[in-house]
Amino acid sequence: MPSKGELRLQRLLAEHERWRSRESLNLLASENLSSPSVQRYLSSDMGRRYTLELDQVLHGEKVDNGYAGTRYLDEVEGMARSLAAKLLHGKRASVKPLSGHVAALCVLAPLLPRGARYLAVFPEQGGYDGYAPAYIPSVLGYTARELPVHGPLHEVDVEEVTTKIRREKPEAVILGQSYFVLPYPVRPIADAVHEHGGKLLYDASHVMGLVMGGEFQDPLGEGADVVYGSTHKSFFGPQGGIIAARDIELLDRIEAYMTWRILDNAHWNRIAALTQALLEMERYGRAYASTVVVNARALASELEAQGIPVLGADLGYTRSHQVFLDGATLKARHGLAPPGLARRLERQDILIDLVGRVGTAEATRLGVRKTDMPEIARWIHSAGILGKPVKAQVNAFRRRFKRLRFA
Ligand SMILES: Cc1ncc(COP(=O)(O)O)c(C=O)c1O
């Protein structure tokens, strides 16, 4: 007989899964769906095991792994590393970081000494909070300086940024944002930072699936030294992190530092699941990534057609999986800001960020097409602006998509 606690836990999972994976329409830009095969690897025996590459002499004997029983795990890791390097156009890759944030720590700590300065977009302009002075810099002893961007879609003025880099000579420039709709002019920024021996780092957490699918941009091909980030936002892997570098030596430095400083066990079930997702990306990535972007642009213009203001019409709204609602105009026009809109939508089983960011990665994986966007935008208007019930239609729509696409 299950205990009361076990029954409660079972009920929580069952209700969560019914709501989140069968009834609601998820337009959160940070999430995605992984395939049944990825789920299978996540719950496999590999999640209970250890493997630890070593280069040590113990009792006079050379030892290359601290554990026995690792032969299959090690082969899986080898597959993941070569697939990741191939898809990100790097010479070598690591799949050990446990998340995008951990990947950032794994890259920064060995490459930048304490006291180093980096330029990054600040959170007020759509940058990742972790790079703001109070967070990673306060832990690793860095000074974070602002990388300027302009306008609602956070455009880079090449002249301004490269002049600032040449003047300030930071040890690194970090590209990549949490609000991320336009590719960067990577090449001139890379040239400027390389002139004084600095590094160009590209946090692709949000756009990883698009980069791997040949959409958005190719950070390493365009001059970045390292690309890294989460594996579960626009990329449909398990939650985790990944790093790829243009040079073998650079990745070796990163890997030599990470074990016992930032992580030890790398969660081998996650790495097996990631390998499956990388195989799916290798096979279906191009079609997936281009559909995600087509869907995002279609959703943006359908939202505008419904009177829900979206930023950046003159730039085509977006080239990623994200769309930014225009919070100020929304409030002026409808007396409702993004948090209020998101709460009303949640009650009708449509999920968007409370900060006014809408994403199409998960819906695309489900099989939602450009031609579905007028209906979705109408529901967002009915539920979010007029406060009308649309839950029954949303649930029925969601149930139509039984088999994951691009898997
Ligand atoms: C640009 C960027 N980097 C890193 C992270 C952290 O990723 P994770 O949640 O995988 O640690 C985020 C999270 O949203 C992000 O937006």
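Quick caveat, the model's predicted, so the values are computed rather than measured. We count ligands from 1, going down the list as the structure has it; atoms in each ligand are counted the same way.
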Quick one about Ser99 and Gln239 (side-chain donor to acceptor, distance below 3.5 Å, no hydrogens or angles considered), yes or no?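 There is no such pair (donor and acceptor under 3.5 Å, judged by atom type) between the side chains of Gln239 and Ser99.
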Would you say the side-chain atoms of Ser35 and Gln276 include a donor-acceptor pair closer than 3.5 Å?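 Note: Ser35 and Gln276 side chains miss the donor-acceptor criterion.
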State the atoms of ligand 1, each with its element, that fall below the 4.0 Å cut-off from a heavy-atom position in [X].
X      : answer
Ser230 : 7 (O), 8 (P), 10 (O)
Gly100 : 7 (O), 8 (P), 10 (O), 11 (O)
His232 : 10 (O)
Gln177 : 1 (C)
His206 : 16 (O)

On the 0 to 90° scale, with breaks at 30° and 60°, tag the Tyr202-Phe180 ring pair as parallel, tilted or perpendicular.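 The arrangement is tilted - the two ring planes meet at 30° to 60°.
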In terms of the angle between their ring planes, are Tyr142 and Tyr118 parallel, tilted or perpendicular, with boundaries placed at 30° and 60°?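 Rings of Tyr142 and Tyr118: perpendicular, as their planes differ by over 60°.
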If you measure from the Lys or Arg side-chain nitrogens to the Asp or Glu carboxylate oxygens, is any gap between Arg81 and Glu77 under 4.0 Å?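 Judged by the 4.0 Å cut-off on N to carboxylate O distance, Arg81 and Glu77 do form a salt bridge.
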In plain terms, say whether Arg399 and Glu23 are close enough for a salt bridge, that is, a side-chain N and a carboxylate O under 4.0 Å apart.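 A salt bridge is present here (some side-chain N lies under 4.0 Å from a carboxylate O).
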Nearest heavy atom to atom 12 (C) of ligand 1 wins, so pick from Tyr179, Phe180, Tyr228, Tyr128.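 It is Tyr128 whose heavy atom sits nearest to atom 12 (C) of ligand 1.
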Does Ser99 reach ligand 1 with a nitrogen or oxygen that is under 3.5 Å from one of the ligand's nitrogen or oxygen atoms?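 Yes, there is a polar N/O contact under 3.5 Å.
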Taking [atom] as the reference point, the nearest protein heavy atom with its distance:
atom                    : value
atom 4 (C) of ligand 1  : Ser205 OG, 3.3 Å
atom 14 (O) of ligand 1 : Lys233 NZ, 2.8 Å
atom 3 (N) of ligand 1  : Asp203 OD2, 2.6 Å

Applying a heavy-atom cut-off of 4.0 Å, say which part of Ser178 lies close to ligand 1: side chain, backbone, both or neither.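 Contact part for Ser178 vs ligand 1: both backbone and side chain.
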Quick check against the 3.5 Å criterion: does Asp203 have a side-chain atom that pairs as donor or acceptor with the backbone of Ser205?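 Yes, because the side chain of Asp203 sits within donor-acceptor range (under 3.5 Å) of the backbone of Ser205.
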Quick check for you: to the nearest 0.5 Å, what is the distance between Thr364 atom OG1 and Leu33 atom CG?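 If we round to the nearest 0.5 Å, Thr364:OG1 and Leu33:CG are 10.5 Å apart.
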